[in-house]
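Inspection log for the structure reproduced underneath, given as structure tokens.
In each ligand, atom 1 is the first atom listed, and ligand 1 is the first ligand listed.
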Amino acid sequence: MMDTKEWALIDSHEQTTKLQEIAATLQAGNVVAFPTETVYGLGADATNEQAVDKIFKAKGRPQDNPLIAHVATKEDLAKLVDAYPPYVDQLIDSFSPGPITYILPSNGTCAENVTAGLSTVGVRIPSHPVAQAILQTCSFPIAAPSANTSGKPSPTTAAHVKEDLFGKIAGIVDGGKTGVGMESTIIDCTSDVPIILRPGGITKEQIYTVVGDVIEHQPSTHTSEKPQAPGMKYTHYAPDVPLTLVHGNAERLQQVIHAYQNEHLRVGVLARAQLKEHIQADQFIPLGTNLVEVATNLYSCLRRFSSHDIDVIVCETFPKENIGVAIMNRLEKAATKIIK
Ligand code: TXA
Ligand code: MG
């Protein structure tokens, strides 16, 4: 067990001492979890291979899955990459700082294990005030995957990080609940037309308004010559209880719930709050009332189901538009069964 230090940085102002302590901890080659506007990240100095290696160990993350390098500004981003297509500037100027990660040609500044040996590097400028304050205090980029044990739902509170990583990392910065709740959009910017590799906080509809030409990576078409985000092949977001995703209305959900209950299974339901009065189950956890709230709450709700109380989670589906695309991407990965 490692001694995990905790810093509360709910408000980043007037917290210079704590920020310097956090920066010094990172500078010394240690791993620290911190809030971003999407999910909590597990950070280390991206130029220090041994420090980055500690991230992989703490998370149990496969070595061939590259990490995102976080920087404070566009100028800092430029220090990590080689020449990129002109549309990237338009994207950065429109969406960064914010929940979007650009896959760009690497200039080799980040350690080899950040990029998993690829010639590209993923770079993101987070907008969260605490993430910004930490990055501005450090003189190096911070490599950070989501701060969960590999395979688990991503953490949206410091308590989630503690659940997975307490005793395994040097510190946790508590900045309260994250906002967006879904990870950043990953966009491959290494060719003439950008490709969305992972849907996330910045929607394809938003990207279309800036660059008319953008390709959505289709997981089912393996003929594409471009590499997909290596992380997409691994199990993700799995709650402790198996999850069944059900296409259809409340009535259809109720049929599925009854079928499970007839098999003597205890059923937990994950759905919008307005469905509660139409559903009878052993447990009901409301996700919120609209897509934005569902995105914000999804991971924490997934973590609330326990195998002590529930044998199966039944979850409704959402329209694949705006942030709904990211929500459905995560739910389809979390699900052990999908009923059409
Ligand atoms: O919102 C986020 O993106 C959060 C916060 C902490 O910034 N981070 C995050 O990191 O979600 P992670 O490691 O959980 O997901 C990063 C994804 C992985 O699927 C990885 O394979 C992909 O980004 N990736 C990283 N570098 C890449 C590269 N050079 N080429 C293709 N995919 C890359
Ligand atoms: Mg992750």
Side chain to side chain, I172 and T4, heavy atoms closer than 4.5 Å: yes
Show which atoms of ligand 1 fall inside a sub-4.0 Å distance from at least one heavy-atom site of N65. 18 (C), 20 (C), 21 (O)
I want to check something: taking the side chain as every heavy atom from C-beta on, are L135 and P126 in contact at a cut-off of under 4.5 Å? yes
Provide the number and element of each atom of ligand 1 under 4.0 Å from a heavy atom of I186. 17 (C), 22 (C), 23 (O)
For ligand 1, which atoms, with element, lie under 4.0 Å from some heavy atom of I68? 3 (O), 8 (N), 9 (C), 10 (O), 16 (C)
Confirm or rule out an N/O/S atom of S154, from backbone or side chain, lying less than 2.8 Å from the Mg ion (ligand 2). no
If we set the cut-off at 4.0 Å for heavy atoms, which region of T120 has an atom near ligand 1: side chain, backbone, both, or neither? both
Which bit of T115 is near ligand 1, meaning a heavy atom under 4.0 Å away: side chain, backbone, both or neither? neither
Pair K74, D89 - check salt bridge (charged side-chain N to carboxylate O under 4.0 Å, His left out), show working. CA-CA 9 Å; K74 193 175 172 181; D89 282 319; 3.1 Å; yes
E316 side-chain N/O to N249 backbone N/O, donor-acceptor pair under 3.5 Å: no
Roughly how far, to the nearest 0.5 Å, is the CD atom of E251 from the CD1 atom of I279? 10.0 Å
Charged N-O contact under 4.0 Å between D240 and R303: no
Between I103, L197, T101, V121, flag the one that comes closest to atom 28 (C) of ligand 1 by a heavy atom. I103
Any side-chain heavy atom of P105 sitting closer than 4.5 Å to one from T120? no
E37 with R124: basic N within carboxylate O range, under 4.0 Å: yes
Residue P145 vicinity, atoms of ligand 1 by number, heavy atom under 4.0 Å: 6 (C), 10 (O), 12 (P), 13 (O)
Within the structure, does H70 bring an N/O atom to less than 3.5 angstrom of an N/O atom in ligand 1? yes
Check each atom of ligand 1 against the heavy atoms of S146 and keep those under 4.0 Å away; list them by number with element. 8 (N), 9 (C), 10 (O), 12 (P), 14 (O)
Within the structure, does S184 bring an N/O atom to less than 3.5 angstrom of an N/O atom in ligand 1? yes
N or O contact, E183 vs ligand 1, cut-off under 3.5 Å: no
Can you tell me which portion of H128 lies within the under-4.0 Å heavy-atom range of ligand 1? Options are side chain, backbone, both, or neither. neither
Given S106, P66, G41, A147, which has its nearest heavy atom closest to atom 33 (C) of ligand 1? P66
Could you report the tightest heavy-atom contact between D188 and Y87, atom names first, then the distance? O-OH, 4.1 Å
Check this for me, if you would: do K320 and E332 make a salt bridge, where the nitrogen-to-carboxylate-oxygen distance has to be below 4.0 angstrom? yes
Contact with ligand 1 for L118, non-hydrogen, under 4.0 angstrom: yes
Ligand 1 to T38 polar contact by distance, N or O atoms, under 3.5 Å: yes
